[in-house]
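The chain is numbered in sequence order, starting from 1.
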Amino acid sequence: MASVTMKSPFSKLRPNETFSHPTRHSHAATNKAITFFGSKLSRKPLSLAVHTTSRLRPQPVISASAHTFDVVIIGAGIIGLTIARHLLIESDLSVAVVDKAVPCSGATGAGQGYIWMVHKSPESDSWGLAARSQRLWKMFAESVRDQGRDPFELLGWKKNGSLLVGRTHEEAEMLKRKVKQLSEAGLRAEYLSSHDLLSEEPELVVGKDGGAAFLPDDCQIDATRAVATIEKVNQQFASKGRFAGFYHDPVTSIVRYGSNGEAQGVQTSKRTLYSKTIIVAAGSWSGYLLRDLFKGSDIELDVPVRPRKGHLLVLENFSSFSLNHGLMEVGYISHLDIKEPKDSASGLVQHGNALSVSMAATMDTSGRLVLGSSREFAGFNTEVNDFIVSSIWKRAGDYLPKLKGLSLTDITAAQKVRIGLRPYMPDGKPVIGRVPALSNMILATGHEGCGLSLALGTAEMVAHMLLGKPKFADHAAFSVHGRG
């Protein structure tokens, strides 16, 4: 590793103190091959296990309280961790991930885990990103299988298909049009009448006028397993001096200096992390974090990412019946478009309003029945609302009548409630791009309830943006400019 001499008024280092800095040449791969990502890796396949006996390379430590990396990522949810993974695989850059908590502790771990296209529109700006991301997830699962491992075990991966269901004649006609639209966009899609649904999903009841759009290639994933696997892959690069995770260590400020005032790193509660590039992937906290970090500076940055609270009801060891596919009611789509309410006189945001509950049901990899979902604007409140839980149970019973024969109070011991804060953007699109005033800062946030499904496409987009590679999906619609 090369030695670099650096002076900084923001550092706790003494003037002219020397520290070790990893360069691309110091950890460049010497024996490379093309992988499923088209990435350059060692010809020895990247194992999904953690090897603790390998010879360790010295970490890029400046001192006990300061480190330097090529890239620092703020946020250890699925977006931040997959960006790190993509950069580690596709380049020789060193990467650090920093988070105020631990991986998968935010919206990532509170979701249902579907990688679905059934509720998306080919006419939307996010379509290309969603399609690319689903393809990358499938390729990831295939790569796990190619290494002799089980994607179900490591990722919770199931190709069980999805059903978008309606109960009225009007909803059924809309679903027929949606199937036609999805088919024309290149997806395998089929309309199922209420009679057809009896064989596909016996427990689902939609009435004689109802029906469903069926996408057999939609998949499901277990967020906890997937994050653990991705984190293990990232950690393998730690022995090469290219990766480190700093958890329970919130970022408190941006380190800026030099004639152009560019960001040179971040200050956390415990250390200074210097870097050439900073990526903010802090989910629903991203907007507030950015405002706090640049408070009092010459940069005004208002990215309107807001928390949108959601409840999921999880029934452990559920054995009353099983589901063959993931289910979602048509109303889920319209509920996505409900805007955060504003006071008509002042235009100020009012929290605690615009509650919606729609049916979504899946059986997860551990045999739990996961029911949702709710949406509301309640700030950063993460307390369980019993009225919402009861509403989710009642709504699910409208589609799955066997639930009506069960009392929610009688199965209290077997139920858990997940609370997540989705990173909401008013225009319904994530923010993925460089900050105009700071060219070496990139935002990747605002995915709301689609963080898992859009994660790999977002990671690829950010990595290619940083590395100057051709992009598979157009990122112009997600740029930071004009989104405030």
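- Rounded to the nearest 0.5 Å, atoms NZ (Lys309) and CG (Leu355) are 10.0 Å apart.
- In this structure the side chain of Arg177 reaches within 4.5 angstrom of the side chain of Met174, judged on heavy atoms.
- Contact of the Val431 side chain with the Met425 side chain is registered, since non-hydrogen atoms from C-beta on lie closer than 4.5 Å.
- With contacts defined as side-chain heavy-atom distances shorter than 4.5 Å, the pair Ile74/Ile278 qualifies.
- Smallest separation of non-hydrogen atoms from Tyr191 and Gly211: OH-CA, 3.5 Å.
- Judged by the 6.0 Å and 45° rule, Arg85 forms no cation-pi pair with Phe237.
- Shortest non-hydrogen contact noted between Ala463 and His86 is CB-CD2, 3.6 Å.
- Under the 3.5 Å distance criterion, the side-chain polar atoms of Asp222 are left unmatched by any main-chain donor or acceptor of Gly156.
- Summarising the local packing, CZ of Arg291 is surrounded by more than 12 heavy atoms from other residues, nucleotides or ligands at distances under 6.0 Å.
- Salt-bridge annotation for Glu142 and Arg145: absent, with no side-chain N of the basic residue lying under 4.0 Å from a carboxylate O of the acidic one.
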Chi angles and distances behind the side chain to side chain contact (heavy atoms under 4.5 Å, CB included) call for Lys469, Glu90: CA-CA 10 Å; Lys469 294 187 176 183; Glu90 287 247 331; 2.9 Å; yes

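- A distance of 8.5 Å separates CG of Leu290 from OG1 of Thr445, quoted to the nearest 0.5 Å.
- No side-chain heavy atom of Arg167 sits under 4.5 Å from any side-chain heavy atom of Glu329.
- Residues that satisfy the side chain to side chain contact (heavy atoms under 4.5 Å, CB included) test with Ala360, not counting sequence neighbours, are Gln112.
- A distance of 5.0 Å separates CG in Leu136 from CD in Glu460, rounded to the nearest 0.5 Å.
- Under a 3.5 Å cut-off, the side chain of Ser374 and the backbone N or O of His311 do form a donor-acceptor pair.
- Between the side chains of Asp196 and Ser193, at least one donor N or O lies within less than 3.5 Å of an accepting N or O.
- Defined by atom type and a distance below 3.5 Å, a donor-acceptor pair is present between the side-chain atoms of Gln134 and Asp218.
- Under the 3.5 Å distance criterion, the side-chain polar atoms of Glu201 are matched with a main-chain donor or acceptor of His325.
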Worked check of side chain to side chain contact (heavy atoms under 4.5 Å, CB included) between Tyr288 and Arg306: CA-CA 8 Å; Tyr288 292 92; Arg306 302 285 187 268; 3.9 Å; yes

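- Put simply, the residue from Val314, Thr409, Leu408 that forms a side chain to side chain contact (heavy atoms under 4.5 Å, CB included) with Gln415 is Leu408.
- Side-chain atoms of Thr82 come within 3.5 Å of backbone atoms of Ile78 as a donor-acceptor pair (strictly under, hydrogens ignored).
- Taking the ring centroids of Trp285 and Phe380, they lie under the 6.0 Å cut-off.
- A 4.5 Å side-chain heavy-atom check between Phe140 and Trp157 finds every atom pair outside the cut-off.
- Asn317 CG to Ser366 OG: the interatomic distance, rounded to the nearest 0.5 Å, is 9.0 Å.
- The main-chain N or O of Cys219 is never found under 3.5 Å from a side-chain atom of Lys138 such that the two would form a donor-acceptor pair.
- By the 30° and 60° cut-offs, the orientation of the rings of Trp116 relative to His119 is perpendicular.
- Seen from the ring of Tyr424, Arg375 does not count as a face-on cation partner, given the 6.0 Å and 45° thresholds.
- Using a distance-only test at 3.5 Å, with no hydrogens or angles considered, no donor-acceptor pair links the side chain of Gln235 to the main chain of Gly245.
- Ion pairing between a basic and an acidic side chain is recognised when a charged N comes within 4.0 Å of a carboxylate O; Glu184 and Lys180 show such pairing.
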CA sep, side-chain torsions, deciding dist, call: Ser320, Leu406, side chain to side chain contact (heavy atoms under 4.5 Å, CB included): CA-CA 9 Å; Ser320 296; Leu406 303 173; 3.8 Å; yes

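- Classification of Lys270 and Asp249 as a salt-bridged pair fails, no side-chain N sitting under 4.0 Å from a carboxylate O.
- The distance from atom OG1 of Thr458 to atom CD1 of Ile432, rounded to the nearest 0.5 Å, is 4.0 Å.
- Side-chain polar atoms of Asp209 and Thr168 form no donor-acceptor pair below 3.5 angstrom.
- Using a 4.5 Å cut-off on side-chain heavy atoms (C-beta onward), Pro436 and Val480 make contact.
- Contact check for Ile221 versus Ser453: no side-chain heavy atoms found under the 4.5 Å cut-off.
- The closest side-chain heavy-atom distance from Leu81 to Thr108 is not below 4.5 Å.
- Summarising the geometry, atom CG belonging to Leu154 is positioned 4.5 Å from atom OG1 belonging to Thr229; distances are rounded to the nearest 0.5 Å.
- Classified by interplanar angle (parallel below 30°, tilted 30° to 60°, perpendicular above 60°), the ring pair Phe321/Phe318 is perpendicular.
- There is no side-chain donor-acceptor pair under 3.5 Å between Ser124 and Ser126.
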